[in-house]
Amino acid sequence: MDPRNGLKTDRRRRRPAFSCVSCRRSKIRCDRNLPCSACVRSKRKTCVFEPIPRQSDVTSAGVSPLHPTDSSRKSNNADTAGSPLPSGSTHRHYGDGPHDDHSSLSLNGSTPVDSNSSHSHGSSFDVGSLLERIEELERRLEESTGRIPGPRSRARAEPSGPETIATYPSYFTGDFYTMRKSVISKTRYFGQSHWMNQVGNFKPLLEVLDQQYQEKTSEAIAVINRTKSLARSIKTSRNPELSFKFGIDIPPREIADDLVDAYLRTLEPMFRVLHLPSFRTEYEDFWQAPDSADLFFVIQLQLVMAIGSTIHDENFTMRKAAIKWVYEAQCWLISPVPKTRLTLRGLQVMLLLALAQQTATVSHDLVWITVGQLMRTAIYMGLHRDPEKLPKMNRFRSEMRRRLWNTILELALQTSADSGGPPLIHLEGYDTCAPGNYDDDQLTDDDGSGTINPPDKFTEMTVALALRSSFSARLAIIRSLNEIGVRNTYDDTIRLHSQLSTAYKSLSQNLQQFASGNRKPTEFQRRFLDFLVRRYFLALHLPYFGPAINEPAYAFSRKLVVEMSAKLYSTVFPSAALKPRPLRPPTHDLGQASADSDDFSRYSTCAGGLFRSTLSQSAMAIGLELQGQLREDDCLGLPSPRTDLLNIFRDSVGWVYRRILAGETNVKCYLLHAGLLGQIEGLMNGLQGADLEDNIIKIGTEAIREGFELLKQQVGPEPDDNTTETNVQLNFDPMIAMDEDWGYDTTLQKQNSLFEFTSIESVFGTMGPDVMAPDFSQWQ
């Protein structure tokens, strides 16, 4: 007989506590309401109830408390793995609603709230829960120390059994599929940070648009099809006639100077690529003898000008030239003898190309693939090893290698957030140190190491180093969102938020010390740095934003998403919250600079990539919040939302209009922003049901007409209406590959989809971080 079976446990049975904590401490009667009457009379801010302990499995017959059965372990795993609530949360606070719905499937494959799992740690004698807690602590220790998880940890992170897949059928979007932390559309797999995860939050609006598509004779659909033909003509006119005669389209010196200066004062201090003294010397030599210039420098110069041309004027009039310069760089990279490009100058060209693709909007939703090739090229050249551990080299080469590797890491992380792909960066995979705090003129060919500047001295590397200080915290967030082997509960979300908050506070304090000095960060650098870091707060909490509309447990995420979205938008357009631009600027003002016209706002209006995606995601999150506020307002009169949020969203409609004026061919983004505004204004006016739908259709149709008229200004003569089709895959996105076939793919006919959703901005004009986690299961 096992001596353990003869052990006698003398445990006193504990009666469950039904009174709130305050009443039990005061030893007064509690009416068990939430909040209870005693707390209301005492004006206590919180009324807290401890959860009722769950019946422990260890009392089952024939099972020792020290040896739980496999079934009990699996039960505990099922309870704790599916809930994003903090695993250590054991209190229910005033304002938290009951968690009754356990059937809805969120985008990450788990229910937003599970009442069973929220009490899984109620009993201190539940051995299964204790083991789960130990495993959780082990996992966190592995992450904090940077160790590679062992087989046991890997197996624990992988969900058992087949994934639950939900289908979203829509005429407007085409079929796509959602599963744990991901979405699949056609041939692409999008992680949680991709914008497509937001789509389900706008179900009412999409249903109205789907209804319009089914009515083939609707005016909106007819205008959309005509817009498709216009967009096709515009894209064709922008296709450059390629040749391998590089450098024949350099503009005059005055314009070239402006374009080069625009890049050097904006993106170069943030993403260090060039050695400025060397570049300026070669630039002067180029104008002395253009025909004898080095080919490496010619390609570099063209890419620098392509980036600078984005903010040359309000309407990106040099878009066609910028696209051609990007294409020439791509042709140069795929030309024969690739080994000759395995140099630092070759890496500089590849980095500039990755930036130019985003600013010139050339296949910018595929830059993550380009950066992957760039990273592997750098590793092949040994940039992932610190120069101190390689054969001796001078200070110039050592620091340039560190700078380029630092920029590669940053672009890999940024494009991972934009594309929804895993970052494929592991801290144990490289040992290259951060660049030194040197000015560029301090980097010489001397063999000596030189004296590095102290951190409190502002140099040309200060801003880039400040961004680097938050890299590990931002990397952890994107890994938690996009890597399939990383479990992410709401407790983990709060922990990651705290880590990034600490890093952001340290970064801000570091730069504030230079505010009164002669050398200090420019306004663009301060705003862009804020923008780059804050977007990760937004990405981290967006998966809980949709559920938070109905679930108070995520009130913190809802509040943070709303406030962070407002700050992100106001960072780009400071006056938007107080004085939004008109939805449709007067004709005589179309070519004039706006009140907020500066380098940053021009990037957001003319460029693609993170400049547009983050801003559009912020605007759509604010639009969803405005809807929620209006539906939650139970006043006797007409509901009213926050004025600043309403102003920002109205300004975003004008911003999208400006983007079309600046050469954007995607009218769908304007349609959805205008349609959502129509829905919000309809709710403000008390419209419901069919009246609300009619208002959405009316405003959406007007937006399509306006977009069509703007495109007509770009293309010239109107195409023949007989060439349009009524049931086509409408994809007029200038950001996708320019050589994409516009012919109708018959394999997609069964989807009857009006819009192509695989391109980055085909719906919201976004790519990034979209990361909301709506419930799609009810749409099956």
Side-chain angles (χ1 to χ4, degrees), residues 142-148 191 193 267-273 347 351 354-355 367-368 371-372 374-375 378-379 383-387 399-419 421-438 455 459-483 486 492-493 495-511 521 525-526 528-540 609-610 614 768-769 771:
E142 290 168 352
E143 292 180 356
S144 62
T145 57
R147 292 194 297 116
I148 302 176
S193 68
L267 296 191
E268 174 62 28
M270 310 299 299
F271 310 110
R272 293 309 314 269
V273 178
L347 289 177
L351 281 167
L355 292 173
V367 175
W368 179 65
V371 173
L374 169 60
M375 174 168 282
I379 292 175
L383 266 71
H384 65 303
R385 302 305 309 274
D386 191 78
E399 285 302 315
M400 288 304 299
R401 289 172 68 93
R402 292 190 179 108
R403 289 184 179 189
L404 294 180
W405 179 253
N406 183 68
T407 304
I408 291 170
L409 290 177
E410 187 61 42
L411 287 185
L413 185 60
Q414 297 285 355
T415 56
S416 173
D418 297 334
S419 66
L424 304 178
I425 301 173
H426 301 279
L427 300 180
E428 66 273 9
Y430 64 91
D431 58 15
T432 304
C433 298
N437 190 31
Y438 291 108
T459 69
E460 291 164 327
M461 279 298 300
T462 297
V463 178
L465 290 175
L467 183 61
R468 169 65 181 259
S469 65
S470 66
F471 179 80
S472 60
R474 292 181 288 125
L475 174 63
I477 290 175
I478 298 303
R479 289 187 62 185
S480 72
L481 293 172
N482 293 343
E483 289 189 355
V486 178
D492 295 322
T493 298
R495 175 176 54 84
L496 293 172
H497 172 91
S498 177
Q499 291 176 358
L500 184 58
S501 296
T502 302
Y504 182 52
K505 182 178 181 180
S506 175
L507 180 156
S508 299
Q509 292 175 345
N510 181 39
L511 291 182
Q525 292 168 2
R526 292 195 305 269
F528 191 33
L529 199 60
D530 269 343
F531 190 81
L532 287 176
V533 178
R534 283 176 173 170
R535 70 176 298 211
Y536 291 90
F537 286 110
L538 185 67
L540 178 63
L610 64 94
T614 306
V771 288

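In this structure, OG on Ser193 lies 11.5 Å from CG on Leu540, to the nearest 0.5 angstrom. For the atom pair CZ (Phe471) and CG (Leu409), the distance works out to 4.5 Å, reported to the nearest 0.5 Å. Rounding to the nearest 0.5 angstrom, the gap separating the CD1 atom in Ile408 from the CG atom in Leu374 is 4.0 Å. How far CG of Leu383 is from CE of Met375: 10.5 Å, rounded to the nearest 0.5 Å. Taken to the nearest 0.5 Å, the CD atom of Glu460 stands 10.5 Å off from the CG atom of Asn437. Atom OH in Tyr504 sits 7.5 Å away from atom CG in Leu529 (nearest 0.5 Å).
Put simply, the side chain of Phe271 does not reach to within 4.5 Å of the side chain of Leu351, judged on heavy atoms. Contact of the Leu467 side chain with the Val533 side chain is registered, since non-hydrogen atoms from C-beta on lie closer than 4.5 Å. Between Asn482 and Ser416, the closest side-chain pair of non-hydrogen atoms falls below 4.5 Å. In this structure, Ser480 and Leu496 have side chains that are in contact, with non-hydrogen atoms separated by less than 4.5 Å.
Shortest non-hydrogen contact noted between Ser469 and Ala503 is O-CB, 4.4 Å. Taking all atoms of both residues into account, the shortest heavy-atom contact from Leu532 to Gln414 is CD2-NE2, 3.4 Å. Here the shortest heavy-atom pairing between Gly436 and Met461 reads O-CG, 3.8 Å. Residues Ala412 and Ile425 approach most closely at CB-CD1, 3.7 Å, considering heavy atoms. Summarising the geometry of Val463 relative to Pro269, their closest heavy-atom pair is CB-O, 4.2 Å, with the distance given to 0.1 Å. Contact between Ala434 and Leu465 at its shortest, heavy atoms only, is CB-CD2, 4.5 Å.
Here Arg479 pairs with Pro423, His426, Leu475, Glu483 under the side-chain contact (heavy atoms from CB on, under 4.5 Å) rule; sequence neighbours left out. The ring-ring contact (aromatic ring centres under 6.0 Å, His included) search around Trp368 returns none, not counting sequence neighbours. When the salt bridge (Lys or Arg N to Asp or Glu O under 4.0 Å) test is applied to Arg403, the partners found at least two apart in sequence or on another chain are Asp440. Not counting sequence neighbours, Ser506 has no partner by the side-chain contact (heavy atoms from CB on, under 4.5 Å) test. Qualifying ring-ring contact (aromatic ring centres under 6.0 Å, His included) partners for Phe531, counting only residues two or more places apart in sequence or in other chains: Phe600. Not counting sequence neighbours, the partners of Ser501 by the side-chain contact (heavy atoms from CB on, under 4.5 Å) test are His497, Phe537. Contacts of Gln525 classified as side chain to side chain donor-acceptor pair (under 3.5 Å), with partners at least two apart in sequence or in another chain: none. By the ring-ring contact (aromatic ring centres under 6.0 Å, His included) test, Tyr430 pairs with Trp405, sequence neighbours left out. With sequence neighbours excluded, the residues forming a side-chain contact (heavy atoms from CB on, under 4.5 Å) with Asp386 are Glu388, Arg402, Asp431, Thr432, Cys433, listed by chain and number.
A donor-acceptor contact shorter than 3.5 Å is absent between the side chain of Ser498 and the backbone of Arg495.
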Query - Audit row: Leu355, Leu411, side chain to side chain contact (heavy atoms under 4.5 Å, CB included) steps and yes/no - result: CA-CA 9 Å; Leu355 292 173; Leu411 287 185; 3.8 Å; yes

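The salt bridge (charged side-chain N to carboxylate O under 4.0 Å, His left out) contacts involving residues 468-477 comprise Glu410-Arg474, where partners must be two or more places apart or lie in separate chains.
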